[in-house]
Participant: 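Can you read through this structure? Questions will come right after.
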Amino acid sequence: MKGTFPIEKFAQLRTPFYYYDMELLRRTLHAITSEAARHEGFVVHYAVKANANPKVLRAIRQAGLGADCVSGGEIEASIKAGFPPSKIVFAGVGKSDWEINLGLDNDIFCFNVESVPELEVINQLAAEKGVVARVAFRLNPNVGAHTHANITTGLAENKFGIAMRDMESVIQRAAALSNVRVVGLHFHIGSQILDMGDFQALCNRINDLQNQLERLHISIEHINVGGGLGIDYQHPNRVPLPDFKAYFDTYSRRLKLRPGQTLHFELGRAVVAQMGTLITRTLYIKEGAVKKFCIVDAGFTDLIRPALYQAYHKIENISSEEPYDTYDVVGPICESTDVFAKQTDLNRVHRGDYLAIRSAGAYGEIMASQYNCRPLPQGYTSDEL
């Protein structure tokens with residue numbers, strides 16, 4: 001079964017472009033907020049790095065989610081979209097001074113701190129402004145995730161977070177600083193995780209950690225477990241929504257929150273991936289010596305995930321119902337890695353046919369580049385077409 005697209009309206013638009021199904025986004029947001037509301041103290045932030053299209057951000061803000069930012073630019077985009085600063089968290093391993101000052105000036109909810117040097121800089125900048133910054137320590141739990149090696153973040157070898165063995169000394173260091181206040185602990189083990197066992201392992205590690213902190217008479221206001229929930233790239237039509245019930249239930253059953261603690265999530269891909277599609281037109285069909293190439297006007301400048309992660313995206317010829325043929329779908333970039341799919345079956349493709357590269361709402365438009373002096377792709381929503 002193919003997705004439903006307003007092809008008759010695509011003719012007025014320059015390809016390639018991103019098409020966002022806002023009805024599916026609203027369904028996804030309703031599922032998230034409904035499932036989270038079943039559990040006391042669950043708070044959901046949207047990871048802006050997945051997709052910062054202003055129209056998408058506004059819809060997410062309207063649903064009541066907070067914003068998880070990893071740059072000053074994302075903080076600015078979130079505030080412009082209407083997210084209250086009290087719902088903005090700022091993570092990232094390399095925060096610059098202007099970004100920290102931006103967070104302080106807007107009195108954001110929390111800085112997720114990844115090192116002692118960063119903690120000291122936040123304290124210094126906060127002191128200069130005469131304010132106290134709320135911080136959470138991002139700890140590296142050394143928990144592996146069943147996902148691509150390039151998107152694991154919770155192993156000891158990764159650059160993210162503070163080593164578990166240093167937790168006690170870091171908290172003691174923070175207690176000696178007058179312009180920071182520790183309010184939470186932050187974790188994130190990776191992305192595109194479909195095995196709930198990975199999240200269970202994180203819960204077990206956090207439970208042990210909380211027991212250790214209690215022995216030191218240290219209490220924490222909130223726990224932030226990041227995001228990481230994956231989607232079904234193989235079947236975007238059949239499985240348009242991730243299993244949010246299983247995800248939130250896993251944490252509800254396995255994580256032993258203390259009285260009054262809140263549990264924060266930072267979902268990104270799971271919110272926006274399935275509602276986004278890269279629309280591209282066929283330029284040429286080229287008969288090679290051993291295979292047939294479908295050459296399209298989109299390239300890895302528009303969607304880099306297949307080249308960067310060897311990621312799979314389902315591709316549909318939405319202009320044809322002819323019998324299937326087998327193609328390598330490739331772009332115009334002067335690089336051998338500019339390939340969207342190899343040996344993929346599509347309804348027979350002709351010059352001018354529209355192809356839909358599915359599940360591209362996350363890490364698609366936001367990661368686009370202008371390599372080869374190509375223009376950035378535009379993003380259009382179903383509400384405006």
Side-chain angles (χ1 to χ4, degrees), residues 13 16-36 42-92 95 98-99 102-103 105-112 188 191 224 226-229 231 240-242 244 264-279 302-305 358-369 376-385:
L13 304 176
F17 62 86
Y18 279 91
Y19 173 74
Y20 297 125
D21 183 343
M22 299 302 284
E23 180 55 34
L24 178 55
L25 175 59
R26 286 187 280 266
R27 282 176 55 202
T28 304
L29 290 166
H30 177 72
I32 292 170
T33 54
S34 297
E35 288 298 333
F42 280 24
V43 181
V44 182
H45 305 265
Y46 166 65
V48 177
K49 67 179 179 179
N51 187 322
N53 182 287
K55 290 161 279 194
V56 171
L57 285 182
R58 284 196 294 271
I60 294 170
R61 185 262 301 167
Q62 289 167 358
L65 273 63
D68 160 42
C69 301
V70 294
S71 73
E74 288 186 4
I75 294 174
E76 291 172 332
S78 298
I79 291 173
K80 187 175 182 179
F83 286 90
S86 62
K87 288 187 174 183
I88 294 176
V89 295
F90 183 19
K95 304 177 184 70
W98 79 266
E99 293 172 314
L102 178 67
D105 290 341
N106 285 279
D107 193 24
I108 63 171
F109 172 66
C110 185
F111 293 84
N112 290 339
H188 182 65
S191 189
N224 185 326
L229 179 63
I231 66 158
L241 270 64
F244 295 113
H264 293 245
F265 300 85
E266 297 168 344
L267 294 171
R269 182 195 316 267
V271 181
V272 294
Q274 294 290 39
M275 64 95 186
T277 300
L278 178 61
I279 301 295
D302 308 294
L303 178 64
I304 199 172
R305 294 189 72 254
R358 304 295 305 280
S359 311
Y363 310 107
E365 181 185 356
I366 192 67
M367 295 181 77
S369 76
L376 292 173
Q378 298 297 303
Y380 301 96
T381 71
S382 56
D383 289 347
E384 62 188 315
L385 293 182

Participant: Is there a side-chain contact between Phe244 and Leu267 (heavy atoms, below 4.5 Å)?
Facilitator: yes
Participant: Mark yes or no for whether Asn106, through its side chain, and Ile108, through its backbone, hold a donor-acceptor pair below 3.5 Å.
Facilitator: no
Participant: Do any N or O atoms from the side chain of Glu74 and from the backbone of Val70 form a donor-acceptor pair under 3.5 angstrom?
Facilitator: yes
Participant: Between CG of Asn112 and NE2 of His188, what distance do you get to the nearest 0.5 Å?
Facilitator: 11.5 Å
Participant: According to ring-ring contact (aromatic ring centres under 6.0 Å, His included), who are the partners of Phe17, at least two apart in sequence or on a separate chain?
Facilitator: Phe10, Tyr380
Participant: Closest approach of Ala67 and Ser78, non-hydrogen atoms and distance?
Facilitator: CB-OG, 3.6 Å
Participant: CZ of Arg26 to CG of Asp21: how many Å apart, nearest 0.5 Å?
Facilitator: 8.5 Å
Participant: Taking the side chain as every heavy atom from C-beta outward, state whether Asn51 and Leu57 have any pair of such atoms under 4.5 Å apart.
Facilitator: no
Participant: Could you report the tightest heavy-atom contact between Tyr19 and Ser382, atom names first, then the distance?
Facilitator: OH-CB, 3.2 Å
Participant: Check Glu266 against Ala47 and note the closest heavy-atom contact, atom names and distance.
Facilitator: O-CB, 4.1 Å
Participant: Test side chain to side chain contact (heavy atoms under 4.5 Å, CB included) on Val44 and Val271 and set out the steps.
Facilitator: CA-CA 11 Å; Val44 182; Val271 181; over 6 Å; no
Participant: Tell me whether the NZ or CZ atom of Lys55 lies within the 45° cone about the ring axis of Tyr20 and under 6.0 Å from its centre.
Facilitator: no
Participant: Which pair of non-hydrogen atoms, one from Ser191 and one from Arg269, has the smallest distance, and what is that distance?
Facilitator: OG-NH2, 2.5 Å
Participant: What's the spacing between Leu278 CG and Leu303 CG if we round to 0.5 Å?
Facilitator: 6.0 Å
Participant: Taking side chain as C-beta onward, heavy atoms only, is Thr33 less than 4.5 Å from Leu65?
Facilitator: yes
Participant: Which word best sums up how the rings of His264 and Phe109 line up, parallel for under 30°, tilted for 30 to 60°, or perpendicular for over 60°?
Facilitator: parallel
Participant: Could you tell me whether the side chain of Lys87 and the main chain of Gly64 form a donor-acceptor pair under 3.5 Å?
Facilitator: yes
Participant: Calculate, to the nearest 0.5 Å, the distance between atoms CZ and CD1 belonging to Phe265 and Ile32 respectively.
Facilitator: 11.0 Å
Participant: Does the side chain of Arg27 reach to within under 4.5 Å of the side chain of Leu24, using non-hydrogen atoms?
Facilitator: yes
Participant: How many angstroms lie between CD1 in Ile366 and CG in Leu376, if you round to the nearest 0.5 Å?
Facilitator: 10.5 Å
Participant: Picking from Thr28, Ile60, Ile231, what satisfies side chain to side chain contact (heavy atoms under 4.5 Å, CB included) with Val272?
Facilitator: Ile60
Participant: Would you mind reporting whether Val56 and Met275 have side-chain heavy atoms less than 4.5 Å apart?
Facilitator: yes
Participant: Report the C-alpha separation of Glu76 and Leu102 in whole Å, then their side-chain angles, then the decisive distance to 0.1 Å, and conclude whether the side chain to side chain contact (heavy atoms under 4.5 Å, CB included) test is met.
Facilitator: CA-CA 8 Å; Glu76 291 172 332; Leu102 178 67; 3.7 Å; yes
Participant: Would you indicate whether the side-chain heavy atoms of Val48 and Phe83 approach each other to under 4.5 Å?
Facilitator: no
Participant: Return the minimal non-hydrogen interatomic distance between Gly268 and Ala50, and the atom names on each side.
Facilitator: C-CB, 3.8 Å
Participant: Would you compute the distance between atom OH of Tyr363 and atom CD1 of Ile304 and round it to the nearest 0.5 angstrom?
Facilitator: 14.0 Å
Participant: Can you name the nearest heavy-atom pair linking Leu229 to Ala270, along with the distance?
Facilitator: O-CB, 3.7 Å
